[in-house]
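Order of the sequence lines sets the chain letters (A, B, ...), proteins ahead of strands, with each chain counted from 1.
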Amino acid sequence: MEDPATAVPIRLTVNGEVVEHTVAVRQHLADFLRDVLGLTGTHLGCEHGVCGACTINLNGKPVRGCLVLAAQAHGCEVETIEGAGRHDAVQWLQREFHRRNAAQCGFCTPGMLITAADLVQHAGAPTREDIRDHLSGNFCRCTGYQSIVDAVEAVCAAKARGDLS
Amino acid sequence: MRAIGQPVGEALPRVGLERVLQGRARYLDDIKPARLAHLVVLRSPYAHAEILSIDVSAAKAAPGVLCVLTGEDIARLCKSWVGVLDTAPGMRSPPQYPLAVGRVRWQGEPVVAIAARTRAEAEDAAELVEITWQELAAVAEEEAALEPGAPLIHPEYGSNICYEQRVTSGDPAAGFAAASTVVEAAFRTGRHTHVSLEPRGILADFNPADRQLTVWHPGQSPHMMQWLIARHFDLPESSVRIVVPDVGGSFGLKIQIFGDEMAAVAAALTLGRPVKFVADRLESFQSDVHARGHAIRARMAADASGHVVGIEVDDIQSFGPFGSFPRAGVGEGRQVINLIGGPYRNPNYNARLRVVFQNKGLCGPYRAVGHPVACLVTETLIEQAARQLNIDPVEMRRRNYVSDEARDWKLATGAVIEQLSQQAALEKLVSVINYDALREEQRQLRAKGIFRGIGLASFIEMTAPSAAVYGAGGAPIASQDACMVRLNAGGTLSCSVGITDTGQGAAMMVAQVAAGEFGIPIERVRVMLGDTDTMPYGGGNWGSRGTGIAGEAVLLASRALRDNVLDFAARLLQCDPATLSLRGGEVCNRSDDAPRMSLEDLARLAYFLPDRLPPHFTPELMVTRSYAQRSYGGLCTNGIQASHVEVDPVRGTIKLLRHWVVEDCGTIINPMLVDEQIRGGVVQGIGAALYEECLYTPEGQLGNCSLAEYLVPMAGEMPDIDVHHVETPTRTSQLGAKGAGEAGVAGASGAVLNAVNDALAPLGAFLTEIPLTPERILRALGKV
């Protein structure tokens with residue numbers, strides 16, 4: 001029997017699948033996703049909420065997986081990069097990222113895609129400056145960002161044209 | 001040079017990038033073998049201290065703990081190393097062990113390693129280790145370390161000098177005496193670090209039954225790691241296998257021995273089970289190697305017509321208490337004094353380098369070792385001299401460049417440069433940035449109190465190094481590379497190469513060269529890298545060597561296999577092999593391209609039905625070819641960058657408006673990947689120019705150990721970067737490619753600094769220290 005001071009049972013939906021586990025109260029959500037569920041597309045770059053590599057969707061909004069405790073996700077809907085690919089916006093972004101080589105080492109990429117998809121889904125017609133501003137919480141050491149901005153701009157333009165629902 | 005077939009030269013998207021985009025890549029920390037133990041390292045809180053006692057009894061008894069290693073424990077398992085290179089004569093650095101023995105010399109130095117069932121349990125146990133320290137006086141500033149009476153980091157040496165080098169050519173005194181203008185400055189470049197988003201780490205698994213050690217190391221040089229781990233743990237080379245998983249950025253970081261990583265190997269050998277160490281971000285800042293910290297006094301003399309007639313440099317390179325291993329770390333300062341003044345016809349040069357032991361983290365290679373610092377010093381002086389002489393900075397360069405026609409000319413150190421295209425690159429840049437219009441706009445805006453600046457920076461980049469860089473210095477790092485190319489039964493091609501891909505697209509380079517040279521669609525090429533069990537022996541990927549060296553090996557192997565295939569096909573078709581060619585994966589008539597035989601039919605015959613082949617003939621459908629660049633110390637590339645900025649003289653802030661690069665890396669295999677390498681490099685150079693610095697107190701405490709405090713470039717502040725090329729293939733290889741991975745970072749800091757100085761020149765400010773913080777700008781303007 002787990003000590004409730006150190007472990008709690010949680011029930012949540014992850015990428016559409018109901019998950020039940022007992023988790024250490026000190027375990028953050030990104031560690032739970034990676035170490036318990038094996039969803040290793042969520043990466044850890046700083047564990048201070050600064051780099052954005054662990055960005056996931058929690059109840060439809062992007063959050064830092066390292067700043068949410070697994071226990072706090074009880075009753076929530078969680079979506080990681082492994083599940084986010086079912087959205088058109090993410091698929092379009094993946095295609096445009098690929099075409100432009102907007103990922104090099106790829107460690108930031110899942111978080112970057114989830115952050116970018118949030119913009120694609122919610123912004124009207126963002127300018128390049130809007131896009132850069134929206135991505136400013138996701139650190140990429142490889143690309144210099146321009147190709148990422150180009151890719152997001154292309155998807156936003158496709159959405160504005162009505163090519164993407 | 002012969003033209004290589006398509007898809008060489010095409011901007012193809014990288015094969016295999018889908019796994020990265022879908023979150024299906026496999027980085028080190030994603031690998032979790034059964035019975036995995038997690039290693040946590042307890043580090044020194046002091047920059048300099050005696051370890052009086054270590055009590056690990058409570059930690060050993062803590063829940064989940066599997067083993068606890070101290071410096072003394074590990075010294076019995078792992079031989080010490082000495083971080084010097086013979087090519088840096090006189091360099092000194094004492095033996096190092098994975099964990100501190102008796103004394104710590106930098107904050108963050110690993111002291112005790114704890115392996116437990118989970119990382120959390122290991123971290124809990126680390127808190128139970130009792131260490132008694134005797135703090136010692138520390139020295140953490142370059143100049144202070146040189147002062148008489150400074151605390152000595154290694155008392156046996158009698159001073160804190162690690163290495164000293166002097167270079168002289170011509171008659172510098174005469175040059176300065178004859179000058180009509182001398183510009184002089186004290187430069188300071190901030191010590192900073194790689195900040196690969198994936199931190200350093202290692203996973204070692206030892207099977208005591210067959211005494212095989214398998215090490216997953218997300219690095220750049222797997223055979224080097226194999227040699228070093230075998231050597232230092234006294235294992236046969238054949239018992240050590242290095243596997244490189246996906247690598248989350250490296251930039252020269254994950255290319256040396258780190259004590260914490262060796263401790264994980266020691267724990268795996270001790271426990272006979274897999275042990276993983278992954279640094280957290282605090283540990284990364286404290287214990288990754290650092291780079292680029294220099295205090296440089298430099299001056300440049302020019303005659304009345306603007307010709308450079310002398311340069312003098314005195315460089316103090318910031319260092320740690322030891323040389324890093326096995327690359328030593330002094331190559332940075334050596335490269336700085338090698339390259340200062342490099343682009344120009346300067347007859348008189350005098351340089352001194354001193355590398356100084358300090359109680360700070362170790363220093364090691366970071367992308368474009370030394371180049372950005374050399375470029376920044378040279379280019380700031382050339383623009384300042386132009387300013388004093390009232391010569392336009394473009395014209396100043398025109399008057400001083402070594403001619404594009406010059407071949408095999410020498411730098412003051414004796415390094416030989418094959419041929420550059422500086423004049424062509426400058427004229428292209430002037431055209432693409434519309435230089436005259438930018439100057440006109442600048443004049444008009446200044447009248448309105450808006451301060452914009454245009455800064456240029458020419459750079460020379462040493463790529464595809466020969467053995468002169470490491471092998472000749474005694475480091476176990478291959479400077480050759482090889483490609484093993486195999487035709488499979490289904491008519492596909494497998495290429496195994498000794499380099500690694502850390503995201504730059506090296507595997508795609510291999511695929512494009514192989515596809516083009518062999519004559520097969522790229523979809524049918526499979527590239528295998530990063531496993532010492534299966535890859536040919538090679539040096540890995542660093543120093544912009546992947547394309548220039550391994551690319552040539554791929555070309556040679558693919559050509560040899562094509563010749564074998566055509567010879568085989570000719571026997572089957574009873575014709576002259578010279579009448580056949582390989583196109584699109586089929587054997588065709590050379591005359592009319594008519595298909596004669598598919599590669600699949602040919603390979604199946606060779607593999608499944610060899611009894612049907614002509615007697616006394618065995619087709620060789622697997623070929624290995626090696627290549628080493630031995631003509632020059634390095635193949636020099638060149639380029640020029642321009643930065644356009646707007647400075648707010650009230651707030652001291654800088655807005656980057658745009659950045660341009662014209663560079664020449666010889667034959668371009670994939671223009672998109674080259675451009676993206678350059679853009680990424682530029683932004684790393686901008687980081688150095690504007691934000692990045694490891695800020696130590698005089699006592700050696702690193703004050704900004706998180707990404708909240710150590711600033712890195714983010715999307716919001718970065719400009720768009722236009723990249724253009726001049727293409728001067730090297731004559732040393734058939735591929736003609738030089739390196740491209742470091743050119744972006746080489747010139748960016750200097751261009752930004754020049755742009756800021758150009759913007760602020762009317763206000764009398766002249767900055768020579770980076771990062772260009774608002775405080776530094778306001779001080780230069782006399783406002784604070």
Side-chain angles (χ1 to χ4, degrees), chain A residues 24 26-27 31 34-35 38-53 80-85 90 93-95 97-110 112-113 128-129 131-150, chain B residues 11 13-14 17-27 29-32 118-120 194-199 246-251 278 280-281 284 502-505 670 672-673 675-684 686-687 706-708 712-721 744:
Chain A
R26 65 181 177 178
Q27 184 169 53
D31 270 351
R34 291 178 48 80
D35 296 344
L39 293 167
T40 54
T42 300
H43 300 144
L44 291 168
C46 73
E47 296 184 272
H48 283 124
V50 184
C51 78
T80 70
I81 188 65
E82 290 91 342
V90 173
L93 285 166
Q94 286 167 332
R95 201 157 49 233
F97 269 53
H98 193 188
R99 275 185 54 202
R100 294 157 204 275
N101 204 52
Q104 289 184 25
C105 86
F107 206 76
C108 74
T109 307
M112 194 71 83
L113 286 167
R128 280 181 84 77
E129 206 171 337
I131 294 167
R132 285 186 175 275
D133 189 54
H134 188 83
L135 299 176
S136 273
N138 290 74
F139 174 43
C140 169
R141 192 53 151 174
C142 298
T143 63
Y145 302 106
Q146 183 172 330
S147 54
I148 296 174
V149 175
D150 291 346
Chain B
R14 272 160 66 198
L17 198 60
E18 297 88 345
R19 55 205 298 279
V20 161
L21 294 164
Q22 293 175 27
R24 307 288 175 163
R26 200 156 182 251
Y27 302 94
D29 205 19
D30 304 339
I31 303 170
K32 298 182 173 81
T118 68
R119 183 168 180 149
H194 309 61
V195 203
S196 62
L197 189 50
E198 178 204 39
D246 286 311
V247 183
S250 181
F251 317 112
V278 177
D280 65 22
R281 189 51 62 187
S284 299
T502 53
Q504 70 278 70
N670 183 320
M672 175 167 67
L673 299 190
D675 288 359
E676 287 304 296
Q677 278 298 293
I678 288 169
R679 290 198 176 96
V682 164
V683 166
Q684 288 187 5
I686 290 173
S706 79
L707 278 172
V712 289
M714 302 298 275
E717 293 81 29
M718 289 305 104
D720 281 341
I721 301 157

Segment of [X] engaging chain A (4.5 angstrom heavy-atom cut-off):
X        : value
B:Met718 : both
B:Val247 : backbone
B:Pro713 : both
B:Ala120 : both
B:Asp675 : neither
B:Asp246 : neither
B:Arg679 : both

Using side-chain heavy atoms (C-beta onward) and a distance below 4.5 Å, is [X] in contact with [Y]?
X        : Y        : answer
A:Asn101 : B:Arg14  : yes
B:Lys32  : A:Asp35  : yes
B:Glu717 : A:Arg132 : no
A:Arg141 : B:Glu198 : no
B:Ile721 : B:Val683 : yes

Check your understanding: Are A:His43 and A:Phe107 close enough that their ring centers fall under 6.0 Å?
Key -> yes
Practice item. Please state whether the side chain, the backbone, both or neither of A:Leu135 comes within less than 4.5 Å of a heavy atom of chain B. Key: both
Among [options], who wins on heavy-atom pairs under 4.5 Å with chain B?
options                              : result
A:Ala103, A:Gly38, A:Pro110          : A:Ala103
A:Gly45, A:Cys105, A:Gly41           : A:Cys105
A:Arg26, A:Arg95, A:Met112, A:His134 : A:Arg26
A:Thr143, A:Leu93, A:Val149, A:Leu39 : A:Thr143

Practice item. Return yes if a side-chain donor-acceptor contact under 3.5 Å exists between B:Glu18 and A:Gln94, otherwise no. Key: no
[options]: which one forms the most heavy-atom pairs within less than 4.5 Å of chain A?
options                             : result
B:Thr502, B:Leu707, B:Leu17         : B:Leu17
B:Ala25, B:Ser250, B:Gly680         : B:Gly680
B:Asp29, B:Leu21, B:Val278, B:Val20 : B:Leu21

**Study point:** Salt bridge flag under 4.0 Å for residues A:Asp150 and A:Arg99
**Key:** no
Review point. Between B:Arg119 and A:Asp31, is there a side-chain N and carboxylate O pair less than 4.0 Å apart?
Key: no
**Study point:** Residue A:His98 excluded, over 12 heavy atoms near NE2 under 6.0 Å
**Key:** yes
